S.K.: 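Have a look at the structure that comes next, please.
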Amino acid sequence: MPVHCTWSPEIASLPLNRKLLRQRCDMLLHLLELERATVSVVFLGDAEMAAYNQQYRKKQGPTNVLAFPAGADTDGFPVPDNELGDVLVSADTARREAAEQHTSLHHRLTELIIHGMLHLAGYDHERSGAEAARMEDQEKLLFQHLQQPRSVAMPYLAINVDHVATIRQARGGNEPDPVLAASLCELAGADGIVVHLREDRRHIQDRDVRLLRQTVKTRLNLEMANEPEIVAIALEVVPDMITLVPEKRKELTTEGGLDVLANTKKVGKTIAKMGKAGIPVSLFIDPDAAQVQAALDVGATFVELHTGRYCEARSMEEQDREFHLIEQMAELAYESGLRVNAGHGLDYRNVHPIAALPFIDELSIGHAVISRAVLVGLENAVREMLAIVRAL
Ligand code: PXP
């Protein structure tokens, strides 16, 4: 085992993806062409880090990372040739720094591991300005190599055709047909179709879902409340995935994310049922670390991050803040092992930064595309959205 990772009990409560961090440590040795070396990476808390900082650097308080090259201070004990040394990382400090830098805990921890390992490999930013610049370049390069963003270069685009059904229901007849609309979206290049079968059946009807199951050639994502009647329909129809959303009778559209934290038992039960039927479950959540963790704990495959607050922001500052929150939570969810979708309120003007986030698998867009379709035709509206999403 070339990298030996140790986790202090002091940080047991932190949501660390140990597998991912271990993988990154191994990958780093490979990238540094040090596969034959052994390294010890210790993840600890601020109290322990402060003790080491005091003992070895005579400095008070914790620091983010310390590197101890093998052979530097061995009290005369022989050191095996292939032993590179130890890297100590404070996960507490990393967490604080991640919040300050609007990035995820795993992002910051990865930066610190890279920094420590480069020290072990002989880099030292304190030697000179030129050496500091060389080390920084190397850090950036290694970080880029370590990140494993989604498997496709850009996110998939799934079109929600609920509002085709809204127009149909306005007159109670059978025109326009969301099933036909879904086919047109696919012909224009959409990667998936989403419908929300609401309990009040205000737009999509049972017949639509059943027909779409037969006609959709890409992937059918059934958005639904976690209620027995709808769960039974999903189990009967077997869509390619379901997305659980909260539902209120009086809302115009889905208003907020699902409170997974407060409903772990109920959500977990449905996920287990869907799992037996081979249906992956996505949970539509607000970009919130506790909800991401709860989604992970109940066994969701995906989370769909609610982009509503970003889309409705009234100032650049607010939009920026909401964007960074989505960015952070997408990264956290991805790095915790979840797959990440996003949607709600996305349109032709605000979609680009979200589509550019490297951790997002799929965007779910409805109202903006269907509204534009009224004026320019459905295929044009889908193609125009695809052009933005794919122009990355
Ligand atoms: N994702 C979810 C979970 C939704 O509830 C909706 C709205 O039905 C969407 C995405 C699409 O939102 P919009 O129609 O604003 O594009």
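Predicted model, so just to flag it, every value in this text is computed and none were measured. Numbers for residues simply follow the sequence, beginning at 1. Start at 1 and go down the list; that is how both ligands and their atoms are numbered.
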S.K.: Verify the ring-centre separation between Phe143 and His107: is it less than 6.0 angstrom?
M.R.: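 Here the rings of Phe143 and His107 have centres that are less than 6.0 Å from each other.
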S.K.: Is Asp191 salt-bridged to Arg390, going by a charged N under 4.0 Å from an acidic O?
M.R.: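 Looking at Asp191 and Arg390, the cut-off is met.
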S.K.: Check Glu97 with Arg108, please: is the shortest side-chain N to carboxylate O separation under 4.0 Å?
M.R.: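 Salt bridge: yes.
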S.K.: Looking only at the side chains, is there a donor atom on one of Asp46 and Thr93 sitting less than 3.5 Å from an acceptor on the other?
M.R.: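 Their side chains do contain a donor-acceptor pair, which is all the 3.5 Å distance test asks for.
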S.K.: If we set the cut-off at 4.0 Å for heavy atoms, which region of His163 has an atom near ligand 1: side chain, backbone, both, or neither?
M.R.: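 For His163, there is no contact with ligand 1 at all, from either part.
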S.K.: What atoms in ligand 1 come closer than 4.0 Å to a heavy atom of His367?
M.R.: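 Listed by number with element, the hits are 13 (P), 14 (O), 16 (O).
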S.K.: May I ask you to check if Arg57 and Tyr52 form a cation-pi contact, with NZ or CZ under 6.0 angstrom from the six-membered ring centre and within 45° of the axis?
M.R.: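 Pair Arg57/Tyr52 does not count as cation-pi.
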S.K.: N/O to N/O below 3.5 Å, does that happen between His196 and ligand 1?
M.R.: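 No, since none of the N or O atoms of His196 sits under 3.5 Å from an N or O of ligand 1.
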S.K.: Any idea which atoms of ligand 1 are less than 4.0 Å away from a heavy-atom of Val245?
M.R.: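 Every atom of ligand 1 under 4.0 Å from some heavy atom of Val245: 3 (C).
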S.K.: Among Gly308, Ser364, Cys311, which residue places a heavy atom closest to atom 11 (C) of ligand 1?
M.R.: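 Shortest heavy-atom distance from atom 11 (C) of ligand 1: Ser364.
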S.K.: Does the residue Gly345 have a heavy-atom contact with ligand 1, meaning some pair of atoms that are separated by less than 4.0 Å?
M.R.: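 Gly345 counts as a contact of ligand 1 under the 4.0 Å cut-off.
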S.K.: As an exercise, identify every atom of ligand 1 less than 4.0 angstrom from a heavy atom of Asn160.
M.R.: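 The atoms of ligand 1 under 4.0 Å from a heavy atom of Asn160 are 8 (O).
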S.K.: For ligand 1, indicate whether the residue His306 contacts it via side chain, backbone, both or neither (heavy-atom separation under 4.0 Å).
M.R.: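 The answer is neither.
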S.K.: Measure the distances from the heavy atoms of Glu304 to every atom of ligand 1 and state whether one is below 4.0 angstrom.
M.R.: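 Distance cut 4.0 Å: Glu304 passes for ligand 1.
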S.K.: Are Arg202 and Asp200 close enough for a salt bridge, meaning some N to O gap below 4.0 Å?
M.R.: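 A salt bridge is present here (some side-chain N lies under 4.0 Å from a carboxylate O).
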S.K.: Under 4.5 Å between side-chain heavy atoms, chaining through other members, with only Ile, Leu, Val, Met, Phe, Trp and Tyr counted: pull out the rest of the cluster around Met316, sorted by chain and number.
M.R.: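 Noted: Met316 shares its cluster with no other residue.
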S.K.: For ligand 1 and Gly366, I'd like to know whether there is a polar contact (N/O to N/O, distance under 3.5 Å).
M.R.: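 It does: an N or O of Gly366 is found under 3.5 Å from an N or O of ligand 1.
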